[in-house]
Participant: 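Once you've had a glance at the structure underneath, I'll fire off some questions.
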There are 2 protein chains.
Amino acid sequence: MAKIKPGKNASKRDVITQKAAALFKTKGFSSASMRELAEAVGVEAPSLYNHIGSKGELLQGICFKVANAFISYLDRAENTPAGHATRLEQIIRFHIRMMLDHFDEVYVANHEWKHLKEPYLSNFLIQRKGYEKRLIALLENGIAAKEFKPTNPYVAVLTILSAVRGLEFWQQHKKNISSQVLEDDMVNHLLKGITK
Amino acid sequence: MAKIKPGKNASKRDVITQKAAALFKTKGFSSASMRELAEAVGVEAPSLYNHIGSKGELLQGICFKVANAFISYLDRAENTPAGHATRLEQIIRFHIRMMLDHFDEVYVANHEWKHLKEPYLSNFLIQRKGYEKRLIALLENGIAAKEFKPTNPYVAVLTILSAVRGLEFWQQHKKNISSQVLEDDMVNHLLKGITK
DNA sequence: TGCAAAAACTAATAAGCATTAGTTTTGTAA
DNA sequence: TTACAAAACTAATGCTTATTAGTTTTTGCA
């Protein structure tokens, strides 16, 4: 008589979640099957249900863990005594490091959130929107303080977030360039441009 | 006795492809069913096969049409007499307009290519890689000509392509900002930065 | 008006999917 | 060693999928 799920063995559940992130990343949530996930974990598919509730629950766990990480950092950054430009730079650097250090999960949160079921889908989008708005406010304040050029803050935030997100294509070149050069060059590009 | 597929009625086939692009964009290739596509077209699912070969063929059509558009423009841009900075600016503007004017198809090509079947998958990736390499060469030449700062060309190309790609999130704000402001501000940001 | 082809339809096939039920094995603590 | 629970297993359920076969309707031209 199994089928009780204690809070004890967070370990195995975490292994499954990590493997799920890798699988969802390479095959996409819908194309990834529980059979494949089970094989990656080294178990038969039904055995997974001794540790998790459902396939969708795995996606929820991944998406909201990532969302919380970004929001938490922004909370801290907003209460830091620093100029707007400095704060923006710190945030950009955090995004870059998240992309490099937690690639699978961030990728899945960025790409597969649309397969979240309600009410998680709405919740996720609200959180995203809120995050975006706070960044736009930072840009607006920076423009008002004449630390940034008088550009459209929506466009600037979009440009920055998108550029950083694009690090998902970085995998291949990891060998050739150190992540420090990458981080510094991208920050400089986004803040100061590339033309002389 | 139907089931012959002439080259005549390109029209209906194109309608199906366009609806498929919209559907693949919102639901993802794997989650989008032929039943749903048929409903969008106003027909029963099996009837689609009088006009197309398979679901995968639709994806191929979309992905390679987009790839060809970008490659064709780059061919032309490379043979234009202009400085490297000017050429880069033109290319960025073309990317932005493609995102805005052919949103569904570009989105699908950007997100769902991984569901292409071999040999199309390899082919697509080779084309992408080749395109990227030519852009990197443009950056390298611009840096050598001292038109660009001495930055890592890989990082610069990644930043630019990713930023432009991020216009997929633009849909919502379309009303508030003209696409001309968007295009100009983003080009300025990517070329000259935002800090004063 | 009549004929042939194009394109729609219904019905069926075969495969894959997430998940549940019920049973057996494994690991641990008394 | 015994007992109990955690976690594995096999088998089965019910649903959805893309696609094919075979048939009927629609369309356009002579």
Side-chain angles (χ1 to χ4, degrees), chain A residues 1-21 23-24 26-63 108 112 114-118 120-121, chain B residues 1-21 23-24 26-63 108 112 114-118 120-121:
Chain A
M1 209 171 297
K3 196 51 65 58
I4 307 114
K5 183 134 32 55
K8 180 67 189 308
N9 59 334
S11 167
K12 191 69 172 270
R13 192 191 168 98
D14 288 351
V15 169
I16 294 173
T17 304
Q18 172 55 44
K19 295 280 188 188
L23 187 64
F24 292 170
T26 39
K27 312 239 336 178
F29 177 76
S30 293
S31 299
S33 76
M34 295 302 275
R35 284 167 170 84
E36 285 173 301
L37 175 57
E39 192 183 0
V41 175
V43 108
E44 292 298 316
S47 301
L48 294 172
Y49 291 85
N50 286 325
H51 305 280
I52 63 160
S54 69
K55 188 186 179 187
E57 202 183 277
L58 285 170
L59 182 63
Q60 291 158 30
I62 294 165
C63 289
V108 169
E112 307 294 330
K114 69 172 63 162
H115 298 109
L116 286 170
K117 301 193 199 322
E118 292 293 357
Y120 302 97
L121 177 58
Chain B
M1 211 171 300
K3 199 48 65 61
I4 306 114
K5 187 138 28 59
K8 179 67 187 308
N9 59 334
S11 168
K12 191 68 173 272
R13 190 190 171 99
D14 288 351
V15 169
I16 294 173
T17 304
Q18 172 53 44
K19 296 279 188 189
L23 187 64
F24 292 170
T26 40
K27 313 238 335 178
F29 176 75
S30 292
S31 297
S33 75
M34 296 301 275
R35 283 168 169 81
E36 285 173 300
L37 176 56
E39 193 183 0
V41 174
V43 109
E44 294 297 318
S47 301
L48 295 172
Y49 291 85
N50 286 325
H51 306 280
I52 63 160
S54 68
K55 189 186 180 189
E57 200 183 279
L58 285 170
L59 182 62
Q60 290 158 30
I62 294 164
C63 290
V108 169
E112 307 296 329
K114 68 173 64 162
H115 298 109
L116 287 170
K117 301 193 198 322
E118 294 290 358
Y120 300 99
L121 177 58

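By convention in this document, chain letters (A, B, ...) are assigned in the order of the sequence lines, proteins followed by strands, and residues within each chain are numbered from 1. Predicted model, so just to flag it, every value in this text is computed and none were measured. When reading the values below, keep in mind they use all heavy atoms of this one structure, side chains included, and skip hydrogens, waters and symmetry mates.
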Participant: For atom NZ of B/Lys19, decide whether the heavy atoms of other residues, nucleotides or ligands shown that lie under 6.0 angstrom number more than 12.
Facilitator: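 Not buried by this count: 12 neighbours or fewer within 6.0 Å.
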Participant: Looking at A/Ser47, does any N or O in its side chain come under 4.0 Å of the phosphate oxygens OP1/OP2 on D/dC9?
Facilitator: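 So the side chain of A/Ser47 is within the cut-off, an N or O lying under 4.0 Å from OP1 or OP2 of D/dC9.
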Participant: Between C/dA8 and B/Asn50, counting only base atoms on the nucleotide and side-chain atoms on the residue, is there a donor-acceptor pair under 3.5 Å?
Facilitator: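 Checked by distance alone, the answer is yes.
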Participant: Check A/Lys55 against A/Ala32 and note the closest heavy-atom contact, atom names and distance.
Facilitator: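 In terms of heavy atoms, the two residues are closest at NZ-O, 2.7 Å.
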Participant: For A/Phe29, enumerate each residue passing the ring pair (Phe, Tyr, Trp, His ring centres under 6.0 Å) test, keeping only those at least two apart in sequence or located in another chain.
Facilitator: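 Per chain and number, A/Phe29 pairs via ring pair (Phe, Tyr, Trp, His ring centres under 6.0 Å) with A/Phe24, A/His115.
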Participant: Which pair of heavy atoms, one from B/Ile52 and one from B/Met34, lies closest together, and at what distance?
Facilitator: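 Smallest interatomic distance, heavy atoms only, reads CD1-CE, 3.6 Å.
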Participant: Write down the distance between CD (A/Glu44) and P (C/dA18), rounded to a whole number of angstrom.
Facilitator: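 Going from A/Glu44 (CD) to C/dA18 (P), I get 14 Å.
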Participant: Specify the separation, in whole Å, of atom NE2 of B/His51 and atom C1' of C/dA5.
Facilitator: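 Whole-Å distance recorded here is 13 Å.
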Participant: Send over the distance from A/Lys12 NZ to C/dG27 C1', rounded to a whole Å.
Facilitator: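 Rounded to the whole Å, the gap is 13 Å.
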Participant: Compare the minimum distances between each of C/dT19, D/dT19, D/dA8 and the side chain of B/Ser54, then state the nucleotide with the smallest one.
Facilitator: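 Output: D/dT19.
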Participant: To the nearest angstrom, how far is A/Leu37 atom CG from C/dA18 atom P?
Facilitator: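 That distance rounds to 9 Å.
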Participant: Collect all protein-nucleotide pairs involving nucleotides 12-17 of chain C in which both atoms are nitrogen or oxygen and the distance is under 3.5 Å.
Facilitator:
none

Participant: Using whole Å, report how far OH of A/Tyr49 lies from C1' of D/dA6.
Facilitator: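 Rounding to the nearest Å, OH of A/Tyr49 and C1' of D/dA6 are 19 Å apart.
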Participant: Expressed as a whole number of angstroms, how long is the span from A/Glu57:CD to C/dA18:C1'?
Facilitator: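 It works out to 14 Å between those atoms.
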Participant: Rounded to whole angstrom units, what separation is found between the CG atom of A/Leu48 and the C1' atom of D/dC9?
Facilitator: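 To the nearest whole Å, that distance equals 13 Å.
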Participant: Anything under 3.5 Å between a donor and an acceptor, one on a side chain of residues 35-44 of chain B, the other on a protein residue two or more places apart or in another chain? List them.
Facilitator:
unit_1: B/Glu36; atom_1: OE1; unit_2: B/Ser33; atom_2: N; d: 2.9
unit_1: B/Glu36; atom_1: OE1; unit_2: B/Ser33; atom_2: OG; d: 3.4
unit_1: B/Glu36; atom_1: OE2; unit_2: B/Lys27; atom_2: NZ; d: 2.9

Participant: Indicate the atoms forming the closest heavy-atom contact of B/Ala21 with B/Val108, along with that distance.
Facilitator: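 For B/Ala21 versus B/Val108, the nearest heavy atoms are O-CG2, 3.3 Å.
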Participant: Just the rounded figure in Å: distance from C1' of C/dA8 to CD1 of B/Ile16.
Facilitator: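 Nearest whole value for this atom pair: 12 Å.
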Participant: Hey, could you give me the CG/CG distance between A/Leu121 and A/Leu59, rounded to the nearest 0.5 Å?
Facilitator: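 Reported to 0.5 Å precision, the distance equals 10.0 Å.
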